[in-house]
Number of protein chains: 2
Amino acid sequence: MPPSRRDELVETAMRVFYRHGFNATGIEKVLREAGISRMTLYNHFKSKDELIAAALRRRDETFRNKMYKFIGARATGPAERILAVFDFGEQWFCSDEFCGCMFINASAEFPDRDCAIRRVASEHNRAIASYLLEQCREAGLRDPELVARQLHILFEGACARANVMDAVEGGEEAFRATSFAARDAAALVINTAKTTPSTAA
Amino acid sequence: MPPSRRDELVETAMRVFYRHGFNATGIEKVLREAGISRMTLYNHFKSKDELIAAALRRRDETFRNKMYKFIGARATGPAERILAVFDFGEQWFCSDEFCGCMFINASAEFPDRDCAIRRVASEHNRAIASYLLEQCREAGLRDPELVARQLHILFEGACARANVMDAVEGGEEAFRATSFAARDAAALVINTAKTTPSTAA
DNA sequence: ATACATATAGACCGATCAGTCTATTCCACC
DNA sequence: GGTGGAATAGACTGATCGGTCTATATGTAT
């Protein structure tokens with residue numbers, strides 16, 4: 001069946017808000033690009049904030065689906081899957097549509113930690129965190145909670161570093177170097193947790 | 001000598017934009033909080049964007065000064081200094097005024113990689129990067145460029161992770177756990193670069 | 001005292017914003 | 001062929017925005 005009006009709206013909102021920011025983008029622009037009328041929006045959502053929250057939920061869904069599919073296509077074991085996360089990051093950073101992590105961006109624009117939008121962003125990060133934790137456990141790593149946190153930090157850090165670069169330094173090589181460094185550090189963290197009995201001094 | 005009107009304006013702009021975001025904050029609010037009139041702003045700056053750029057430059061200056069002072073007070077060698085960066089991060093994340101990295105936030109709100117604001121953010125990150133690189137070289141680490149990049153990713157990643165948490169999970173323990181994980185990984189990366197001849201598989 | 005640079009309050013502009021309302025059209029279902 | 005729910009266009013509101021302008025006040029140096 002064809003996508004509902006609501007689906008098209010959320011999809012377009014996701015794309016436009018991701019590309020141009022939340023506060024900087026008016027409702028009008030989203031409606032124009034979706035070819036949808038004003039009242040249709042307000043029949044489905046009470047406010048712009050609710051549309052943003054829905055767009056973030058959609059982003060969480062599609063992003064994780066793409067990531068899991070990417071990983072599943074080229075990794076079998078848990079350690080391989082973890083490293084594939086960073087390969088996924090590399091091709092993402094180098095793609096044209098890369099505008100940083102949409103959830104980091106949302107947290108930047110909505111400073112109130114209690115608001116609904118932040119809660120959606122937080123849910124996404126919990127999902128990523130528990131995926132990493134699951135892989136760490138499955139790999140039989142020592143202190144999987146710590147390692148999963150470190151992997152998460154490396155991934156988000158690579159993402160943030162890739163996004164903060166300006167036009168002159170932000171070429172494809174820089175993105176590749178960033179994701180390579182993150183992946184290399186991830187491999188080090190994993191291998192250390194496989195073998196040695198204590199953390200580094 | 002007392003701070004100039006311009007200084008007070010930039011200082012207030014830095015604080016208010018950091019706390020409430022750039023696009024979400026009107027000029028009016030900055031002026032009210034600084035006790036400064038509208039025309040004074042536009043005598044010193046051509047536009048809001050220029051004020052934002054100046055606020056970011058100020059932020060770069062004060063942030064790095066505080067960080068370097070913090071580090072200098074509790075570390076002597078280069079490796080110690082690198083780890084102290086993460087201790088600095090910990091007390092920053094746990095402080096009341098923490099609203100994420102202002103430069104990551106700026107990159108989130110101004111997607112155009114060519115704009116002046118992004119260039120200022122990029123400059124700040126280059127300064128941090130070269131500080132880390134300097135420490136890595138001074139410590140005699142193998143492949144200092146790679147290690148410095150990894151440390152930078154860990155720091156920014158910890159910062160991003162700390163900021164994306166919502167009100168329920170974002171307690172002080174979570175901030176401490178995040179910065180501990182980053183510091184632990186940093187120590188591992190450094191120690192590995194001190195001794196072993198090749199990176200992890 | 002006079003002159004000058006600087007800051008002030010506050011009106012004002014055009015534009016844009018989120019959100020509401022009305023009147024019309026479309027289309028699937030009976 | 002008619003009925004009803006859903007989508008449409010577009011006017012409208014009140015507020016806020018960034019930025020300009022004018023007229024007044026202040027303070028300092030000669």
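Letters A, B, ... are given to chains in the order of the sequence lines, protein chains preceding strands, and every chain is numbered from 1. Given the structure is predicted, the values throughout are model-derived calculations rather than measurements. We use all heavy atoms of the structure for the numbers below, so side chains are in, but hydrogens, waters and symmetry mates are not.
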- Decide, yes or no, whether a salt bridge links A:Glu33 with A:Arg15 under the criterion of side-chain N to carboxylate O below 4.0 Å.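 Salt bridge: yes.
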- Item | Salt bridge present between B:Arg137 and B:Glu134 (N-O < 4.0 angstrom) |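 Salt bridge: no.
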- Task: Please report the closest heavy-atom contact between B:Glu156 and A:Arg161, naming both atoms and the distance.
- Result: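 Looking at all heavy atoms of both residues, the closest pair is CG-CD, 3.6 Å.
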Whole angstrom value for the distance that separates [atom2] of [N] from [atom1] of [X]:
X: A:Leu51; N: C:dC17; atom1: CG; atom2: P; answer: 15 Å
X: A:Arg5; N: C:dA28; atom1: CZ; atom2: P; answer: 13 Å
X: B:Glu50; N: D:dG19; atom1: CD; atom2: C1'; answer: 13 Å
X: B:Lys46; N: D:dG19; atom1: NZ; atom2: C1'; answer: 14 Å
X: A:Lys48; N: C:dT16; atom1: NZ; atom2: C1'; answer: 11 Å

- Task: May I have all residue pairs that pass salt bridge (charged side-chain N to carboxylate O under 4.0 Å, His left out) and include part of residues 76-94 of chain A, sequence neighbours excluded?
- Result: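 Checked against salt bridge (charged side-chain N to carboxylate O under 4.0 Å, His left out) - neighbours excluded - the pairs reaching residues 76-94 of chain A are A:Arg81-A:Glu138, A:Asp87-A:Arg183, A:Glu90-A:Arg176.
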- Query: Does the side chain of A:Gln150 come under 3.5 Å of the side chain of B:Asp184 through a donor N or O and an acceptor N or O?
  - Reply: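 Judged by distance alone, the side chains do pair up.
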- Message: Between B:Trp92 and B:Met67, is there a side-chain heavy-atom distance shorter than 4.5 Å?
- Response: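 Answer no - side chains too far apart.
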- In terms of side-chain heavy atoms of A:Thr40, which of D:dT20, C:dA18, D:dA7 is nearest?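 Between D:dT20, C:dA18, D:dA7, the one nearest the side chain of A:Thr40 would be D:dA7.
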- Could you please name the option among D:dG18, D:dA7, C:dG19 that lies closest to any side-chain atom of A:His44?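 It is D:dA7.
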- Pick from B:Phe103, B:Phe88, B:Phe70, B:Tyr68: which one makes a ring-ring contact (aromatic ring centres under 6.0 Å, His included) with B:Phe63?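 When ring-ring contact (aromatic ring centres under 6.0 Å, His included) is applied between B:Phe63 and each of B:Phe103, B:Phe88, B:Phe70, B:Tyr68, only B:Phe88 qualifies.
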- Item | Close approaches to DNA chain D from residues 8-31 of chain B, in residue order (heavy atom, under 4.0 Å) |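 Contacts with DNA chain D under 4.0 Å: B:Thr25, B:Gly26, B:Ile27.
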- Item | Residue whose closest nucleotide on DNA chain C lies nearer the 5' end, B:Asn43 versus A:Tyr42 |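 Of the two residues, B:Asn43 wins.
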Do any N or O atoms of the protein come closer than 3.5 Å to N or O atoms of nucleotides 9-12 of chain C, and which pairs are they?
none

- Message: Does the structure place the NZ or CZ of B:Arg59 under 6.0 Å from the centre of the six-membered ring of B:Tyr18, at an angle of no more than 45° from the ring's axis?
- Response: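 Yes, B:Arg59 and B:Tyr18 form such a contact.
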- Task: Keeping the roles fixed (side chain from A:Arg118, backbone from B:Met165), state whether a donor-acceptor pair exists under 3.5 Å.
- Result: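 Indeed, once roles are kept as given, a pair shorter than 3.5 Å links the two residues.
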